[in-house]
Novice: 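Sharing a structure, written as structure tokens. Questions coming.
Letters A, B, ... mirror the listed sequences (proteins, then strands); counts begin at 1.
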There are 2 protein chains.
Amino acid sequence: MRLTEKKITAMLRQRGYKLTPQRQAVLNVIALSHDHLTPASLYERVHQEHPGIGLVTIYRTLAILAELGLICEMHAGGNCRSYLLRRPSGHHHHLICSQCGGVVDFTDCDLGELEKRLSAETGFDIEGHLLEFSGLCPSCQRTASA
Amino acid sequence: MRLTEKKITAMLRQRGYKLTPQRQAVLNVIALSHDHLTPASLYERVHQEHPGIGLVTIYRTLAILAELGLICEMHAGGNCRSYLLRRPSGHHHHLICSQCGGVVDFTDCDLGELEKRLSAETGFDIEGHLLEFSGLCPSCQRTASA
DNA sequence: TAGGTAAATGAAAATTCTTTTCAATTCCAA
DNA sequence: TTGGAATTGAAAAGAATTTTCATTTACCTA
């Protein structure tokens, strides 16, 4: 079950956030995109449909969505921040190319055992995790060796 | 085999880079540190031993070391960039309390299999990874339930 | 060991990216 | 409808990083 724009707007209202046209435009772009979106690239896309929207609003909307856990915030090389609609599995991991910043996603990480052990050892009530691998993507490997 | 300051300086000279006192000071701090260092925190530490060094020099030295693959550049939440001496194991992990920000480190994570699989599936040359668990530390659990 | 030269340095300015401030506008529950 | 709190955009502020440039320095060569 993928989060749709409709479901997201419902969650927003439930939490007391207002449903402005600007937010709808942002949500629309996020919901339809399968890519990682930086604030700037989101702005660019939203701006086409909805000129006059401010970059500030993009930042603010992203902050709300991240706070509600509806999107994942991630950090990669170069232009640091990017966001992606949250996937069904609940977790969401990345393989990031340290050269070009390209991102590949994967979801199965099998950290349950480790989580259990850490929880027992430290007493932490573990809520989630972030796993990122970094390295060189095939294309940048070729560039590097050339 | 851990990279020592000596080995790093040797590699620098080999590549035609000069060995300035500033660079030595930066290398010294990096080589002795087990933490992730942001440019700012590195600067702070180096500055104690070597006042007068500029933050610019920190950035430049980090760029060279990353280019030579002697340190790993990582991007995590908050203050985006951080660097870590490249370790044999390539590992460094945290358990972070989402309430008080307390951090517990752990090193054994057993991700070798996953790394191998991802590498085979994606063609990435994987250099390192970042694994962070988040949750509530014992003390904050008590506070929360109180 | 002195001298020349390319590389490195620090300060300041310039860029980017992000957040804050604030007055005007807009959503929406009553 | 209407009141009031939330939201908006513009501009200013702030933070992080990079560029520029004149000066200094490491280190190769003679």
Novice: In whole Å, what is the span from the CD1 atom of A:I64 to the P atom of D:dT8?
Specialist: 7 Å
Novice: Starting at CG of A:L55 and ending at C1' of C:dT16, how long is that distance when rounded to a whole Å?
Specialist: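 Rounding to the nearest Å, CG of A:L55 and C1' of C:dT16 are 11 Å apart.
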Novice: If you measure from the Lys or Arg side-chain nitrogens to the Asp or Glu carboxylate oxygens, is any gap between A:R117 and A:E113 under 4.0 Å?
Specialist: no
Novice: Is the backbone N or O of A:G123 less than 3.5 Å from a side-chain atom of B:Q141, with the two atoms forming a donor-acceptor pair by type?
Specialist: yes
Novice: Can you sort out the partners of A:T122 under side-chain contact (heavy atoms from CB on, under 4.5 Å), two or more places apart, ordered by chain and number?
Specialist: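 So A:T122 forms a side-chain contact (heavy atoms from CB on, under 4.5 Å) with A:F124, B:L95, B:V104.
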Novice: So what does A:G52 hit on the nucleic acid, given a heavy-atom distance under 4.0 Å: a base, only sugar-phosphate, or nothing?
Specialist: sugar-phosphate
Novice: What is the distance, rounded to the nearest whole Å, between atom OH of B:Y43 and atom C1' of D:dA15?
Specialist: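 My rounded result for the distance is 15 Å.
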Novice: Quick check for you: to the nearest 0.5 Å, what is the distance between B:L62 atom CG and B:T38 atom OG1?
Specialist: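 OG1 of B:T38 is found 9.5 Å from CG of B:L62.
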Novice: Between C:dA8 atom P and B:H50 atom NE2, what is the distance in whole Å?
Specialist: 15 Å
Novice: If I take atom CZ from residue B:R45 and atom CG from residue B:L37, how far apart are they, to the nearest 0.5 angstrom?
Specialist: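 These two atoms lie 5.0 Å from each other.
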Novice: What is the separation between atom CZ on A:R15 and atom P on D:dA5, rounded to the nearest whole Å?
Specialist: 21 Å
Novice: Summarise how protein sits on nucleotides 21-30 of chain C as a single string, 5' to 3': B when a protein heavy atom is under 4.0 Å from the base, S for sugar-phosphate-only contact, - for no contact.
Specialist: B-----BS--
Novice: Using OP1 and OP2 only, check whether a side-chain N or O of B:Y59 sits under 4.0 Å from D:dT17.
Specialist: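 So the side-chain polar atoms of B:Y59 do come within 4.0 Å of the phosphate oxygens OP1 or OP2 of D:dT17, strictly under.
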Novice: Does a sphere of radius 6.0 Å around CD in B:E44 hold more than 12 heavy atoms from other residues, nucleotides or ligands, not counting ones at 6.0 Å or beyond?
Specialist: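 Check fails, neighbour count at 12 or below.
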Novice: Quick one: is B:R23 getting a side-chain N or O under 4.0 Å of the C:dA7 phosphate, OP1 or OP2?
Specialist: no
